[in-house]
Asker: 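Supplied in structure tokens, the structure appears directly below.
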Protein chains: 2
Amino acid sequence: MVKINEVAEAAGVSISTVSYALSGKRPVSEATRHRIETAVRELGYSPNAGARMLAGDRTHIFALTEPFRRDTHAPTHMAFVLATAIAARQNGYDVLLLTDEDAQAGMQRVAANGLVDAILVLDVAPDDGRVALARQISTPAVFIGIPDDHDGLICVDLDFEAAGALAVDRLADRGHRNIGLIGQPDIAYAKSNFPPRVLRAVEARAAERAVRLGFRSAGEVDASAAAVAARVDALLDGGATALVLHATDSVHAVVLDRLRTRGLSVPGDVSLVSVAASFDMSTLAQSIDVIPLVPDSSCALAVDLAMRALTTEPPASGLHLIPPTYIDLGTVGASRA
Amino acid sequence: MVKINEVAEAAGVSISTVSYALSGKRPVSEATRHRIETAVRELGYSPNAGARMLAGDRTHIFALTEPFRRDTHAPTHMAFVLATAIAARQNGYDVLLLTDEDAQAGMQRVAANGLVDAILVLDVAPDDGRVALARQISTPAVFIGIPDDHDGLICVDLDFEAAGALAVDRLADRGHRNIGLIGQPDIAYAKSNFPPRVLRAVEARAAERAVRLGFRSAGEVDASAAAVAARVDALLDGGATALVLHATDSVHAVVLDRLRTRGLSVPGDVSLVSVAASFDMSTLAQSIDVIPLVPDSSCALAVDLAMRALTTEPPASGLHLIPPTYIDLGTVGASRA
DNA sequence: TTGAAAGCGATACCAG
DNA sequence: CTGGTATCGCTTTCAA
């Protein structure tokens, strides 16, 4: 493996000049910089990671903790991991996966041995145990998701409350006075952070706008299509003229299928809005108005905050909510009721 | 952060003794070892990662390269990543995610800066570009999957050929003389490594046993249930009395559904075997005989080989095929044809 | 604009 | 069985 002194010799300069030319932390004359860059390229030099970590004050690695629960939606999860990794790379960072059975053990380890500069916390639960740990360790942590007790933490997330309210407003504006919300699996309302937030926001705004609201979770994690369809029926039979979906892709498909089976057209008979969907909706039988949860935005912001936490004093602790965007694809029409 | 000299002072020994007590590379008296361990625990000491990398000959990190393609099956993919991370941790290793747009760039980077001790290569394509790179760099690589050109590489995989043959044998033994194979999406036969291997093995064994074989891929990546059902019909109408499935979970569900719709019982009217499924089949409407692809086995073996590659000379290059296991759940019966 | 040299915190050799 | 210390490759202060 090529070392910095070989580059220095090849370029006819000192070691420190090479270091500075590469880091840009000190001006280097155009001429020597060019000779150095050439040498680096020709020798295929890359600064030794261990030496850099030891001598410098950066490891150039972020940790990503992600507990895997049974109800974890793999595609969504993957999208977040990918988006994080890409955002990190754009800042010269690599991502270390922490998947210890005990999520906290992993965090503690990397915080104790200085392997990473910051920890990105994924799949945050309302009562997440990593919250307490984050407060103890000195390695900065950025939460992608908002735990109940988030005092002094750095958190990033879609503004779920605003998203839920926005969906209701849109429907109320078009005259709908009875809407249904199809939600996540039951367990998600206990174990996950955002489903309750959406639910509460939708309930609150519906109340404000004097709209009747029916709510049905998606039931069990692997609920059959029939079971989900029954829940759709329940809402429609209750007089709902519009449905808000805060659900997985397969539930979206079942809903569309059910409407078709019942001979209901969208938006003619029923209006449809999807909230906080982060999957590829282009594979559905028909497009649906959506207020999407864009992993790329959240993760890029999280990485950005992590970078800032390494320099800024004090850190940008607090909630960083991403404002929702309504994508109109024509599936919300005027109410006929 | 606690350093080794603090531990040494607390325990009243030299820093070298602390180091040896922790690594076990030199005998340490029971008494002093105990004092050291106590000090380590009380101070919460963990050897600095950078210093260890620089001074030692191990980084204690593995890289995991995993290109994401459009047809990547997220749950399966996640299972492999998780299994790898767990196996690595059991060997004291952490896992670094390489998800650069250009997979090779990432490999090259970590190979050049010595960040990792070995690279685990996931989601291997038949003509994978990472093969050539693996031969150039000095960091050992272990492929989970087998590229066409695997000369001198270390590869781990389920013995897909044996698995395919085993499925055919099982059916042929019970008198089936006309079987159908439902496969992966079309693109997988071009881009992925194992689908063609299963197909060829099934074809070959069918020929040997004088069994008629009908083959249908799963069509497009997001083929509709109807499209898949049509393929099932084609095989059954062609006289197949048994089906071999080498497909995703959703295709399995469609097949079961289609058989029920046609009023066919399993194994009464049609026998069923699933080959190389790595997903949780317990959520299907009915269990199916399966020759599973167990991510845990493959990944544990891969990590094991990586560990060996760090010490053994010469490395254990070559194919490491995991023998298939047949799990009998009673969905293969005697042919009535 | 450039160089020399002092660490960073472990590991492992050489002594005792 | 235990200590001292050179060493790993880089970053960064101090000097010029």
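Every chain is numbered from 1, with letters handed out A, B, ... down the list of sequences.
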Asker: Would you mind reading off the distance between Glu9(B) atom CD and dT2(D) atom P, rounded to a whole angstrom?
Answerer: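 Nearest whole value for this atom pair: 18 Å.
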
Asker: Which distance, rounded to the nearest 0.5 Å, do you find between the CD1 of Ile61(B) and the CG of Asp117(B)?
Answerer: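 Going from CD1 on Ile61(B) over to CG on Asp117(B), the span is 8.0 Å.
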
Asker: Go nucleotide by nucleotide along DNA chain D from the 5' end; which of Ala55(A) and Ser29(B) gets its closest nucleotide reached first?
Answerer: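 Whichever sits nearer the 5' end wins; that is Ser29(B).
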
Asker: For Val7(B), which contact category applies under a 4.0 Å heavy-atom criterion: base, sugar-phosphate, or nothing?
Answerer: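 Here Val7(B) touches no strand at all.
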
Asker: Please report, rounded to the nearest Å, how far the C1' atom of dA10(C) is from the CE atom of Met53(A).
Answerer: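 My rounded result for the distance is 12 Å.
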
Asker: Among dT11(C), dC10(D), dT12(D), which nucleotide has an atom closest to any side-chain atom of Pro47(A)?
Answerer: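 Side chain of Pro47(A) sits closest to dC10(D).
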
Asker: Whole angstrom is fine here: how far is it from CD1 in Ile4(B) over to P in dT11(C)?
Answerer: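 Ile4(B) atom CD1 is separated from dT11(C) atom P by 6 Å.
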
Asker: Rounded to whole Å, how long is the line connecting atom OH of Tyr20(B) with atom P of dT5(D)?
Answerer: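 It is 15 Å, rounded to the nearest whole Å.
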
Asker: Does the side chain to side chain contact (heavy atoms under 4.5 Å, CB included) test come out yes or no for Asn48(B) and Lys3(B), once each step is laid out?
Answerer: CA-CA 8 Å; Asn48(B) 179 278; Lys3(B) 303 187 301 182; over 6 Å; no

Asker: Using only heavy-atom distances, decide whether a donor-acceptor pair under 3.5 angstrom links the side-chain of Arg26(A) to the base of dT12(D).
Answerer: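 There is none.
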
Asker: Under 4.0 angstrom, heavy atoms only, what part of the nucleic acid is Ser23(A) near: base, sugar-phosphate, or nothing?
Answerer: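 Nothing, no heavy atom under 4.0 Å.
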
Asker: Have Ser19(A) and Ser16(A) got a donor and an acceptor in their side chains that come within less than 3.5 Å?
Answerer: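 On atom types as modelled, these side chains do not qualify, holding no pair under 3.5 Å.
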
Asker: Please determine whether a side-chain nitrogen or oxygen atom of Ser16(A) lies at a distance below 4.0 Å from atom OP1 or OP2 of dT2(C).
Answerer: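 So the side chain of Ser16(A) is outside the cut-off, no N or O lying under 4.0 Å from OP1 or OP2 of dT2(C).
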
Asker: Using whole Å, report how far NZ of Lys25(B) lies from P of dC1(D).
Answerer: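 Distance, rounded to whole Å: 18 Å.
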
Asker: Rounded to whole Å, please give me the gap between CG in Asn48(B) and C1' in dC8(D).
Answerer: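 Answer to the nearest Å: 13 Å.
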
Asker: Could you tell me whether the phosphate oxygens of dT2(D), OP1 or OP2, come under 4.0 Å of any side-chain nitrogen or oxygen in Ser14(B)?
Answerer: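 Answer no for this pair, as no side-chain N or O of Ser14(B) is under 4.0 Å from OP1 or OP2.
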
Asker: Rounded off to whole Å, could you give me the CZ-to-P distance for the Arg52(B) and dC8(C) pair?
Answerer: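 Nearest whole value for this atom pair: 20 Å.
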
Asker: Hey, is the side chain of Ser19(B) poking within less than 4.0 Å of OP1 or OP2 on dT11(C), counting only N and O atoms?
Answerer: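 So the side chain of Ser19(B) is within the cut-off, an N or O lying under 4.0 Å from OP1 or OP2 of dT11(C).
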
Asker: From C-beta outward on Ala51(A), which listed nucleotide comes closest to its side chain: dC1(D), dG9(C), dC10(D)?
Answerer: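 For the Ala51(A) side chain, the nearest candidate turns out to be dC10(D).
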
Asker: Taking only side-chain nitrogens and oxygens of Tyr45(B), does any of them come within less than 4.0 Å of OP1 or OP2 of dG9(C)?
Answerer: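 Looking at the OP1 and OP2 atoms of dG9(C), neither is under 4.0 Å from any side-chain N or O of Tyr45(B).
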
Asker: For residues Thr65(A) and Arg130(A), is any side-chain donor paired with an opposing acceptor at under 3.5 Å?
Answerer: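 Yes - a donor-acceptor pair under 3.5 Å links their side chains.
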
Asker: Rounded to whole angstrom units, what separation is found between the CZ atom of Arg58(A) and the C1' atom of dC8(C)?
Answerer: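 To the nearest whole Å, that distance equals 15 Å.
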
Asker: In terms of the nearest nucleotide of DNA chain D, which residue is placed more toward the 5' end: Gly12(B) or Leu54(B)?
Answerer: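 By nearest-heavy-atom nucleotide position, the 5'-most residue is Gly12(B).
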
Asker: Check this for me, if you would: do Asp151(A) and Arg135(A) make a salt bridge, where the nitrogen-to-carboxylate-oxygen distance has to be below 4.0 angstrom?
Answerer: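 Result for this pair is no, no salt bridge flagged.
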
